[in-house]
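For reference, the structure is listed below as structure tokens.
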Amino acid sequence: MLLIIGLGNPDKKYQKTRHNIGFRIVDAFAEKNNFLDFELNKKLESLISENVLNNEKIILAKPQTFMNNSGKAAQKIVKNLPVKSLKILVVHDDIDIEIGKIKISENRGSAGHKGVQSIIDELKTKNFTRLRIGIRQPNQQRKITEEFVLRNFAQNEEKILKQIIDQACLKISEKC
């Protein structure tokens, strides 16, 4: 079984922000692979959708706890899954990576990403895969500010994002 957690913030005003690229990618993956509509599971504090791909059950989750508390929802989901061999893939924005680029990391620390750190803290492990989506503008200093990650992508960046979202969906498919 594969659990794919897209990170973001649940409020509509954050929908197109840099911090919500994880939600956007999970939404696109769900659409491309005919998942059922996401439904709120209050017990798991997440929007959940499920499907079977390549004979493997896939659970998509969008925590509704806000970014910095993503681990609380992740922990509830993992605790309530009756399986021993669960693979976890976390899809999130990364200020260390330039927009238009994607990196995959496994068994690594959060590199300062508070949503990822929350998951590490709550699950008490970093034994999961991260699909890191670049959000940094070219030649921008790595100065993390809440204002920057909560800013919408510019129109010219949205064009790049369409390609990145497609690439990210392919990377997720490779993990299924």
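Reckoned from all heavy atoms, side chains included, excluding hydrogens, waters and symmetry mates.
Ion pairing between a basic and an acidic side chain is recognised when a charged N comes within 4.0 Å of a carboxylate O; D166 and K32 show such pairing. Between E45 and K79 no salt bridge is recorded (no basic side-chain N to carboxylate O distance below 4.0 Å).
One finds the CD atom of E50 at 10.5 Å from the CD1 atom of I58 (value rounded to the nearest 0.5 Å). Distance check: I133 CD1 to I95 CD1 gives 14.0 Å after rounding to the nearest 0.5 Å. To the nearest 0.5 Å, atom CD1 of residue I25 and atom CD of residue Q167 are 10.0 Å apart. One distance of note links CD of Q64 with CG of D11; it measures 10.0 Å at 0.5 Å rounding. A distance of 12.0 Å separates NZ in K43 from CD1 in I48, rounded to the nearest 0.5 Å. Here S70 contributes atom OG and L7 contributes atom CG; the two are 4.5 Å apart, rounded to the nearest 0.5 Å.
If you chain together hydrophobic residues whose side chains sit under 4.5 Å apart, L86 and I59 fall into the same group. One hydrophobic cluster, built from ILVMFWY side chains closer than 4.5 Å, cannot hold both I97 and I165; they sit in different ones. A continuous path of Ile, Leu, Val, Met, Phe, Trp and Tyr side chains, each step under 4.5 Å between heavy atoms, connects I21 with L60, placing both in one hydrophobic cluster. No continuous path of hydrophobic side-chain contacts links F29 to L36 [ILVMFWY only; heavy atoms under 4.5 Å]. Cluster membership for L2 and V52, using ILVMFWY side-chain heavy atoms within less than 4.5 angstrom, is not shared.
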### Trace of the side-chain contact (heavy atoms from CB on, under 4.5 Å) decision for H19 with H113
CA-CA 10 Å; H19 235 11; H113 192 288; 4.2 Å; yes
### Task
Dump the intermediate steps for side-chain contact (heavy atoms from CB on, under 4.5 Å) on F38 and D27, then the final yes or no.
CA-CA 9 Å; F38 281 90; D27 285 339; 3.5 Å; yes
### Task
Before giving the answer on side-chain contact (heavy atoms from CB on, under 4.5 Å), spell out for E158 and Q155 the whole-Å C-alpha distance, their side-chain angles and the decisive distance to 0.1 Å.
CA-CA 5 Å; E158 283 290 341; Q155 235 176 349; 5.7 Å; no
### Query
Between N9 and F23, is a side-chain contact (heavy atoms from CB on, under 4.5 Å) present by the stated rule, with each step listed?
CA-CA 8 Å; N9 287 310; F23 278 9; 5.7 Å; no
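Considering I77, L123, N127, T129 as possible partners of I88, the one that fulfils the side-chain contact (heavy atoms from CB on, under 4.5 Å) test is L123.
I99 has its side chain within reach of F153: a pair of non-hydrogen atoms, C-beta onward, lies under 4.5 Å apart.
Looking only at distances, a side-chain donor or acceptor of R130 sits under 3.5 Å from a matching main-chain atom of G109. When atom types are taken as modelled, the side chain of S118 and the backbone of K114 share no donor-acceptor pair closer than 3.5 angstrom. Formation of a donor-acceptor pair under 3.5 Å by the S46 side chain with backbone atoms of L44 is found in this model. In this structure, N51 contributes its side chain and N34 its backbone to a donor-acceptor pair below 3.5 Å.
Counting all heavy atoms, side chain and backbone alike, D94 lies closest to R132 at OD2-NE, 2.6 Å. Taking every heavy atom of both residues into account, I5 and A74 meet most closely at CD1-CB, 3.8 Å. In terms of heavy-atom proximity, E56 sits nearest to K175 at OE1-O, 4.3 Å. In terms of heavy atoms, C176 sits closest to N54 at O-ND2, 3.7 Å.
More than 12 non-hydrogen atoms from other residues, nucleotides or ligands lie less than 6.0 angstrom from NZ of K87. Residue N80 places its CG atom among more than 12 non-hydrogen atoms of other residues, nucleotides or ligands, all under 6.0 Å distant.
Taking the six-membered ring for Trp and thresholds of 30 and 60 degrees, F66 and Y14 have ring planes more than 60 degrees apart, a perpendicular arrangement.
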